Amino acid sequence: MGPATTPKDEETDQRRESAAAIKRGESELSDIENDSSDGNADASDKDSDDVFEPDEKTTPAKSASKSKNESVSDSDDDKPLADLPSSATKKRPSTANSAKALSKVNEKQLSGEDEDDDDDEDDDDNTPLAKKAKKSSKEDKKKPAAKKTATPKPSKKSKANEESDDDSDTPLADKKVVKTESGATKRKAPTTPAAKKEKKEPSSASKKKVKKETGVKKEGDDAIDEENEGDDEDEEEEYAWWVQGNMDNSEKWKTMSHMGPVFPPAYVPHGVKMKYNGVAIDLAPASEEVATFFAGVLGTNYEKNPTFCKNFFTDFLQVLSKEKKKSPIKEFSKCDFSPIAEYLAELKEKRKQMTKDEKSTIKKEKLELEEKYGWAIFDGRKEKVGNFRIEPPGLFRGRGDHPKTGTLKLRVTPEQVTINIGAEAKVPEPPAGHKWGAVVHDNTVAWLATWKENVNDNIKYVLMAATSSLKGQSDLKKFEKARELKKHIDKIRRVYTEGLKDKVMATRQLSTALYFIDRLALRAGNEKGEDEADTVGCCSLRFEHVTLEPPNKVIFDFLGKDSIRYENTVEVTDAVFKNIKIFKRDPKKEGDMLFDRLNTGILNKNLTQHMPGLSAKVFRTYNASWTFQQELKKTPTEGTVQEKLLAYNRANRQVAILCNHQRAASKGHDSSVAKIMDKVRGMKYERSLVKKAILAHDPKLKKKRPELDQEESDVDEDFEEVYLSGLEEKHKENERKALEKENEKRKEEGLEALKSLEKKKSLVIGAAAYEGLSEEKLEKKLQDLNKKIENTKLTIVDKEENKTTALGTSKINYIDPRISVAWAKKYDVDLDKIFNRSLREKFRWATHLEEDWEF
DNA sequence: GCCTGGACTTAGAAATCTGTCC
DNA sequence: GGACAGATTTCTAAGTCCAGGC
């Protein structure tokens with residue numbers, strides 16, 4: 001499939017540039033490699049919570065060194081390790097702790113390593129083994145039968161591995177049992193909290209409030225205390241959960257109440273008729289609603305997406321078939337939804353044209369709803385709910401090539417909704433004539449309500465807002481985990497670097513994947529079903545997603561999350577290059593897994609051995625925050641706030657590029673940049689006039705301040721002409737408008753229209769504008785212009801660099817906010833220049849720290 | 001021990017709001 | 001005050017990952 005979704009070629013260049021940022025790793029890596037090869041590895045390795053005890057503490061240096069020496073011979077040729085003469089492979093670093101650590105896991109999980117080395121070589125390196133049919137997988141369709149026959153058997157088996165040996169030889173993809181069809185999976189009632197609690201350790205003696213609370217209510221109250229409402233940001237008192245440092249949030253509340261979710265209003269038919277074959281068609285309300293959904297996407301890319309149209313039409317026919325009268329609608333191509341689309345456009349226009357009063361009435365109603373349903377009471381504290389609205393029906397807008405995009409998303413009924421609320425609280429009333437599907441009192445989960453949507457059978461939740469203490473605690477926990485990784489990262493890098501040359505294929509795959517996850521911040525890459533868009537992450541990369549460019553470049557080109565294209569050319573170490581070559585070796589072909597002995601489960605299980613709770617995604621957080629902190633060091637200490645902010649945004653941008661956070665370039669980007677550039681030139685022209693005026697006052701300054709006599713770089717006579725005539729034009733236009741306005745007024749008053757304004761503003765432009773100004777005023781003007789020009793120039797740079805890169809995602813999710821807070825303190829920049837109101841609220845927990853705080 | 005459903009985080013697009021310029 | 005652009009908020013799709021059930 002062609003990566004057609006959001007190709008951004010310039011972005012690629014930017015990304016390449018960002019490879020520089022990635023190289024932070026490269027240099028470190030070579031350090032690590034050198035480290036391990038020169039036998040000094042253990043000197044720097046002070047990890048206390050080392051998980052690989054036995055050999056680890058004995059002679060890591062020796063083993064590391066040994067492994068390196070061996071791998072030298074290993075890497076002398078391009079042959080996979082298995083193809084080397086046994087004498088070479090037999091010397092494999094079996095005592096190398098790190099590689100062993102990786103293999104250890106594989107022994108268990110893959111049961112892939114035979115005790116007999118020779119066998120191992122053959123099995124692992126040469127031939128991906130038995131390929132059973134992968135049920136309902138895309139790969140399956142693409143793989144011809146030949147693939148499935150390549151099934152050499154392992155020759156010997158160790159006792160311990162006897163049972164799983166077969167599997168060990170099988171690329172994992174082929175072992176996986178794929179999800180059953182949606183209909184085949186039964187829906188489970190939510191697990192009872194009581195049952196869960198029995199298994200769980202009772203959480204620590206409740207989280208005490210360390211500060212005075214606001215909005216404390218008696219438990220069981222169901223109405224929200226309006227008096228306590230107000231601008232949260234201005235509230236002095238807050239629930240400073242972060243002070244006590246208890247990060248165990250397995251028990252999320254003791255008492256909890258809320259008002260339940262809000263359902264979308266019932267459909268009100270508009271009566272506008274769509275056409276079929278040119279004839280207006282009467283539709284029953286249910287059908288009209290679905291037709292209106294489609295009319296709403298006319299003019300967007302969805303309309304041009306055949307899958308979207310096909311899925312929509314299938315469901316539309318289904319709805320039509322339920323009408324009492326038989327509908328003539330049979331073919332999509334004969335449908336004309338434009339009358340409804342026009343009606344929708346009219347509605348939109350009407351909304352735009354609403355009077356101030358009408359707008360404020362709507363706003364008031366919205367606020368009232370938010371006030372009523374937008375809050376929950378957690379242990380007596382009023383906290384904001386995130387999405388308290390049940391998703392309205394519509395057409396599923398799956399991204400990329402989602403096979404179900406366009407499918408009708410049905411209206412959710414209260415009977416489908418499960419409410420989670422404190423046992424002591426009053427259960428919110430369901431809409432009249434309805435009942436809740438269930439009511440539970442589970443304080444081990446964060447959701448207030450849940451339901452299952454019909455399109456993908458996904459479970460949806462009503463959750464707390466990002467500013468809530470619950471989410472704040474999760475955030476802090478996440479960043480602390482990433483900081484914890486800092487203590488282990490050297491070791492992990494050393495381990496996977498050694499693992500790159502391990503004899504066992506599974507270990508090499510694991511190590512290579514880890515290398516990418518660490519260096520390139522790739523996502524883990526879970527397997528996906530055939531009812532989802534074909535996107536991949538690290539573990540699910542396929543043959544066609546990675547190409548090699550000798551001597552040491554790897555080119556990635558694949559669609560990642562949200563079908564966003566990831567394009568990157570990276571210089572890698574010899575070992576990685578060689579591994580990819582092996583992983584792509586015959587008989588592998590397009591459609592085959594690159595890492596056929598790896599999946600996210602194995603990867604993460606391995607990672608938890610290095611550090612409890614460590615998973616692939618932690619690397620993204622760690623590397624994002626770490627990169628950000630490093631990049632911020634480039635902030636000019638003496639610079640203006642604007643310059644400091646540019647440095648901040650650049651650091652942010654490096655992270656966004658690393659994480660491949662993209663956005664579509666706005667339509668008017670180029671023209672808006674051109675406009676600003678013209679503005680700068682105009683200011684420069686004005687500056688040149690001011691300078692001349694200053695010199696006219698005091699010609700002696702010419703020597704003292706030669707810059708006053710300097711020509712402006714990009715302001716020439718042509719520009720002057722255009723600029724001045726532009727000013728004149730503008731002036732005339734303003735006069736014309738003013739006259740028009742005046743005459744309208746006169747008309748109302750029954751007066752005769754004027755031919756020209758009585759009081760005209762005279763236009764003074766060019767040098768004349770500065771004649772007669774005092775030297776002092778001119779100097780002030782010059783200073784102002786200098787400042788303005790510099791700031792505007794920086795704006796252009798920032799804008800240009802931000803064209804297709806989305807900074808928000810990394811700022812919200814990956815960069816430890818404490819780095820930003822410390823930076824703002826250190827460089828004396830207002831926090832609100834870098835965090836908007838929402839972020840300040842979301843990261844309130846991060847604001848109380850010293851400027852020397854480090855990630 | 002494997003698999004999957006459930007719970008949650010992360011993501012870009014779309015909608016809405018806000019500020020600036022004229 | 002209207003138009004426009006940019007910022008912010010909302011929406012919900014699409015990921016990750018792990019606990020619990022078989």
Side-chain angles (χ1 to χ4, degrees), chain A residues 5-6 108-109 111 163-164 167 175-180 185-188 190-191 195-196 199-200 300-301 348 351-352 356 359 363 366 386-387 389 391-392 394 396-400 402 404-405 409 442 444-447 450 452-453 455-461 463-466 470-471 474-475 478 523-529 532-533 535-537 539 560-564 599-601 603-605 607-608 613 615-618 620-621 659-664 666-669 671-672 675-676 679 730 733-734 737-738 741 795 799 802 806 808-810 812-814 836-839:
Chain A
T5 323
T6 47
K108 283 194 168 182
Q109 286 162 355
S111 312
E163 256 183 53
S164 48
D167 282 356
K175 293 187 221 169
K176 183 140 177 19
V177 178
V178 178
K179 263 186 199 172
T180 53
T185 50
K186 42 185 179 173
R187 188 185 166 184
K188 286 176 198 163
T191 330
K196 277 191 187 176
K199 295 203 173 185
K200 278 188 185 170
T300 69
N301 283 335
K348 204 174 173 182
R351 262 202 304 274
K352 242 180 168 177
K356 234 181 170 180
K359 279 181 188 170
K363 200 171 177 183
K366 196 182 155 208
N387 54 327
R389 285 170 219 273
E391 291 173 19
F396 170 66
R397 297 184 180 202
R399 294 173 188 163
H402 197 296
K404 289 192 170 179
T405 190
K409 204 168 91 166
D442 186 352
T444 66
V445 294
W447 53 267
T450 182
K452 201 170 208 175
E453 54 90 30
V455 179
N456 296 298
D457 261 359
N458 283 335
I459 304 165
K460 302 278 187 160
Y461 302 95
L463 294 164
M464 297 305 289
L470 219 57
K471 293 276 190 187
S474 299
D475 261 4
K478 171 181 78 185
R523 294 187 186 86
N526 284 321
E527 291 212 24
K528 297 187 76 183
E532 296 170 279
T535 63
V536 297
C539 294
K561 182 177 178 181
D562 290 320
S563 295
I564 296 290
N599 62 31
T600 53
L603 184 87
N604 285 335
K605 207 161 184 182
L607 288 175
T608 52
S615 65
K617 96 193 244 291
V618 182
R620 247 166 109 78
T621 314
C659 296
N660 200 38
H661 291 146
Q662 298 188 31
R663 63 171 184 177
S666 70
K667 268 185 191 169
H669 174 84
S671 67
S672 96
K675 239 185 216 171
I676 304 174
K679 218 168 141 185
K730 219 175 260 172
E733 178 67 13
N734 287 344
K737 279 185 186 165
K741 212 172 170 185
T795 311
K799 206 178 162 96
N802 266 347
T809 310
S810 49
I812 293 167
N813 300 299
Y814 288 108
N836 63 32
R837 189 192 146 113
S838 299
L839 284 181

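Everything quoted here is computed from the prediction, not taken from an experiment. The sequence lines fix the lettering, A, B, ..., with proteins before strands; numbering per chain opens at 1.
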Q: Let me see the working for A/Cys659 and A/Thr809 under side-chain contact (heavy atoms from CB on, under 4.5 Å), right down to the final yes or no.
A: CA-CA 9 Å; A/Cys659 296; A/Thr809 310; over 6 Å; no
With heavy atoms under 4.0 Å as the rule, sort [X] into base, sugar-phosphate or nothing.
X	result
A/Gly525	sugar-phosphate
A/Gly386	nothing
A/Thr600	nothing
A/Arg620	sugar-phosphate
A/Lys409	sugar-phosphate
A/Arg523	sugar-phosphate

Using atom [atom1] of [X] as one end and atom [atom2] of [N] as the other, report the distance to the nearest whole Å.
X	N	atom1	atom2	answer
A/Lys352	C/dG1	NZ	P	18 Å
A/Glu453	C/dA14	CD	C1'	11 Å
A/His402	C/dT12	NE2	P	15 Å
A/Lys363	B/dC17	NZ	C1'	7 Å
A/Gln662	C/dA14	CD	C1'	16 Å
A/Asn604	C/dT16	CG	P	10 Å
A/Lys528	C/dC17	NZ	P	15 Å
A/Ile459	B/dA7	CD1	P	6 Å

Is there a side-chain contact between [X] and the phosphate of [N], meaning an N or O under 4.0 Å from OP1 or OP2?
X	N	value
A/Thr535	C/dG15	yes
A/Thr450	B/dG6	no
A/Tyr814	B/dA11	yes
A/Ser615	C/dT16	no
A/Lys617	B/dT9	no

As a test of reading the structure: which of [options] is closest to the side chain of [X], going by heavy atoms?
X	options	value
A/Pro392	B/dA11, C/dC18, C/dT12	C/dT12
A/Val445	C/dA14, C/dG15, B/dA7	B/dA7
A/Lys478	C/dC17, C/dT12, B/dT9	B/dT9
A/Trp447	C/dA13, B/dT10, B/dC8	B/dC8

Q. How would you list, by chain and number, every residue that makes a side chain to side chain donor-acceptor pair (under 3.5 Å) with A/Lys471, sequence neighbours excluded?
A. none
**Q.** For A/Thr621, side chain to side chain donor-acceptor pair (under 3.5 Å) partners two or more places apart
**A.** none
Q | Side chain A/Lys561 and base B/dT10 donor-acceptor under 3.5 Å | A | yes
(Q) On a heavy-atom basis, which atom in A/Asn660 and which in A/Gln662 lie closest, and how many Å separate them? (A) OD1-NE2, 2.9 Å
Q. So, the side chain of A/Thr450 versus the backbone of A/Lys460: is there a donor-acceptor pair under 3.5 Å, distance only?
A. yes
Q: Select from A/Thr809 and A/Tyr461 the residue whose nearest nucleotide in DNA chain B is closer to the 5' end of that strand.
A: A/Tyr461
(Q) As a quick check of understanding, evaluate side-chain contact (heavy atoms from CB on, under 4.5 Å) for A/Arg523 and A/Lys561, giving each step before the final call. (A) CA-CA 9 Å; A/Arg523 294 187 186 86; A/Lys561 182 177 178 181; 3.5 Å; yes
Q) Would you call A/Asn802 and A/Arg663 a side-chain contact if the rule is heavy atoms closer than 4.5 Å? A) yes
Check nucleotides 7-10 of chain C against the protein and report each pair of N or O atoms closer than 3.5 Å, with its distance, or say if there are none.
{"from": "C/dT9", "atom 1": "OP1", "to": "A/Ser838", "atom 2": "OG", "distance (Å)": "3.0"}
{"from": "C/dT9", "atom 1": "OP2", "to": "A/Ser838", "atom 2": "OG", "distance (Å)": "2.2"}

Q. Where do A/His402 and A/Asn456 land on the side-chain contact (heavy atoms from CB on, under 4.5 Å) test, with the steps shown first?
A. CA-CA 11 Å; A/His402 197 296; A/Asn456 296 298; 3.6 Å; yes
